[in-house]
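Contents: one structure, followed by commentary.
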Amino acid sequence: MKLEAHAKINIALDVTGILPNGYHKVKMIMQEIGLHDDVYVDLVLKGENLEADCGKTCEGKDVHACDADNKTAIETEDTAIKITCTVMDEDGNDIPGVPTDEKNIAVKAARLMLDEAAARKASGLSCGHEAGVDCTDIRNIEEVRIKLVKRIPAAAGMAGGSTDAAAVLKALNEMLSLNLSQVELMVIGLKIGADVPYCIIGGTALAEGIGEMLTPLKKMPHMPLLLIKPAEGVSTKEIYTALDEILAKDKPWLHPDVDTCAELLPLIETPGVVLELSMFIGNILELVTAERLPVIHNIKSRMMDEGAIVSMMSGSGPTVFGLFYDEETRDKAYDKLAAEFSGMSVIKTST
């Protein structure tokens, strides 16, 4: 199965406090964009295709097989299903620094879905299709193969890993006939990343809590978009830690007005709205990231010089995006800025 895993940008991002567990409370507008990875998920089945009695109850703690002779549930000797992951660019080249083992959250997503399938069978659900679990397929799985064709830059503040994980969750939900609801998938996704629940629903959404409390918003118009990611990376944890010192000084004017931005965003093509929006929009994490990477200020400034109507950093950075009214202006900006910021990732896409 092939799915498109779309990147996101943050149209506005505020940090409103710190929870007892150390996580930061956020309030932000998430926007799905055209830039996407291709995620391929395949199941490799065992050579012997045992016949299951779908009228019986499947018991057992993990992957099992139904003995066709005595109609009793038996466990397979090897209950571990192998998960393999390959990561490459569009030309088929390996991408250094992107893990292919359990450190890749797409692999973690696959493991969680296999665990979910095993837990449902262990709880005594019927093997029948009416229960949403096809035990015959589960018991015969030998390997889950994941292939990620990456276009979204790594560590860019655009949820590149989270969106791949969300795609794996969606694919295996269908391939394993689990019939989990969108909300159930979001609960599973939250176990591996705060951005995964949003990547499951996509679109335009208000995210609160640690990013998992999502409220769909009126969609912003389709607009040309330019992305520039500096070569230098940043540590999200370090950015948030440094921001704590700024927040402790209690300067309310540093915070963007996310609610007003949400109201104005669907009207961004209306004359005069952009000027009003510029008074409320912002990403509070820029206070830290741009201090460490001054080139972020330069990119934003050049985006605006070349016709962007809005330019700001996405997430904890370091990617900067620019929104444009038309593709012609965006494309001219791309030609100039791709040459000016050679060595950086410069990407044309749209919301």
Side-chain angles (χ1 to χ4, degrees), residues 6-16 25-36 157-159 163 182 195 197-209 211-228 252-287 290 296-297 299-317 319-334 337 347-351:
H6 287 260
K8 63 84 180 172
I9 56 175
N10 297 101
I11 300 295
L13 192 160
D14 194 15
V15 176
T16 60
K25 294 172 61 179
V26 297
K27 188 171 185 177
M28 54 191 178
I29 299 174
M30 312 275 269
Q31 175 61 46
E32 181 179 4
I33 63 175
L35 178 66
H36 66 274
M158 293 190 291
T163 193
Q182 188 178 77
D195 283 342
Y198 165 75
C199 292
I200 290 172
I201 68 170
T204 307
L206 175 68
E208 298 176 277
E212 87 290 5
M213 297 170 55
L214 298 167
T215 304
L217 300 173
K218 291 182 179 180
K219 292 184 178 180
M220 72 173 294
H222 175 85
M223 301 188 72
L225 183 69
L226 186 61
L227 305 167
I228 301 182
W253 61 87
L254 297 176
H255 296 266
D257 186 339
V258 179
D259 290 331
T260 301
C261 290
E263 294 175 4
L264 295 174
L265 194 59
L267 308 172
I268 194 170
E269 292 182 316
T270 304
V273 169
V274 170
L275 179 60
E276 186 178 1
L277 183 64
S278 66
M279 300 169 60
F280 302 102
I281 205 168
N283 179 346
I284 199 168
L285 296 179
E286 278 189 28
L287 295 172
I296 289 174
H297 289 305
I299 295 172
K300 288 179 60 179
S301 177
R302 292 293 296 118
M303 287 264 203
M304 298 299 290
D305 289 344
E306 297 302 327
I309 59 173
V310 171
S311 182
M312 58 183 285
M313 187 182 77
S314 180
S316 59
T319 301
V320 175
F321 68 84
L323 292 171
F324 294 79
Y325 276 133
D326 59 84
E327 291 186 358
E328 182 180 359
T329 304
R330 189 271 316 271
D331 291 349
K332 289 180 179 179
Y334 171 84
L337 299 181
I347 301 170
K348 292 189 293 184
T349 184
S350 61
T351 57

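Keep in mind it's a predicted model, so treat the numbers as computed, not measured.
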Gap between atom CD1 of Ile9 and atom CE of Met30 - 0.5 Å precision: 11.0 Å
Heavy-atom closest contact (Asp14 atom, His255 atom, distance): OD1-ND1, 2.6 Å
Check: Thr163 side chain, His6 main-chain N or O, donor-acceptor pair, under 3.5 Å: yes
Side-chain touch Glu32/Tyr198, heavy atoms, less than 4.5 angstrom: yes
Ile11 side chain reached by Thr204 side chain, heavy atoms, under 4.5 Å: no
Between CG on residue Leu13 and CE on residue Met313, distance to nearest 0.5 Å: 8.0 Å
Nearest atoms (heavy-atom pairs only) where Lys27 meets Glu208: CE-OE2, 3.8 Å
Donor-acceptor under 3.5 Å (Lys25 side chain, Gly211 main chain): no
Validation row: Pro256, Ile281 side chains within 4.5 angstrom (heavy atoms): no
Minimum-distance pair of heavy atoms, taken over all atoms of Gly315 and Lys8: CA-NZ, 4.1 Å
Side-chain touch Leu265/Leu217, heavy atoms, less than 4.5 angstrom: no
Point-to-point distance, once rounded to the nearest 0.5 Å, from CG of Leu35 to CZ of Phe321: 14.0 Å
Glu269, CD atom: more than 12 neighbouring heavy atoms under 6.0 Å: yes
Taking every non-hydrogen atom, the tightest pair across Pro221 and Thr351: O-OG1, 3.0 Å
Separation between OG of Ser311 and CZ of Arg302, rounded to the nearest 0.5 Å: 11.0 Å
Leu323 vs Val274 side-chain heavy atoms within contact, under 4.5 Å: no
Exceeds 12 heavy-atom contacts within 6.0 angstrom, atom CE of Met279: no
Over all atoms of both residues, closest heavy-atom pair of Met158 and Ile33: SD-CD1, 4.4 Å
Non-hydrogen side-chain atoms of Glu306 and Leu226 separated by less than 4.5 Å: no
Heavy-atom side-chain contact between Asn10 and Leu285 under 4.5 Å: no
Rounded distance (nearest 0.5 Å) linking atom CG of Leu277 with atom CG of Asp257: 10.0 Å
Minimum-distance pair of heavy atoms, taken over all atoms of Ser314 and Gly157: OG-O, 2.9 Å
Close side-chain approach of Met220 to Ile29, heavy-atom, < 4.5 Å: no
Atom pair OH/CD1 of Tyr325 and Ile268 - distance to nearest 0.5 Å: 6.5 Å
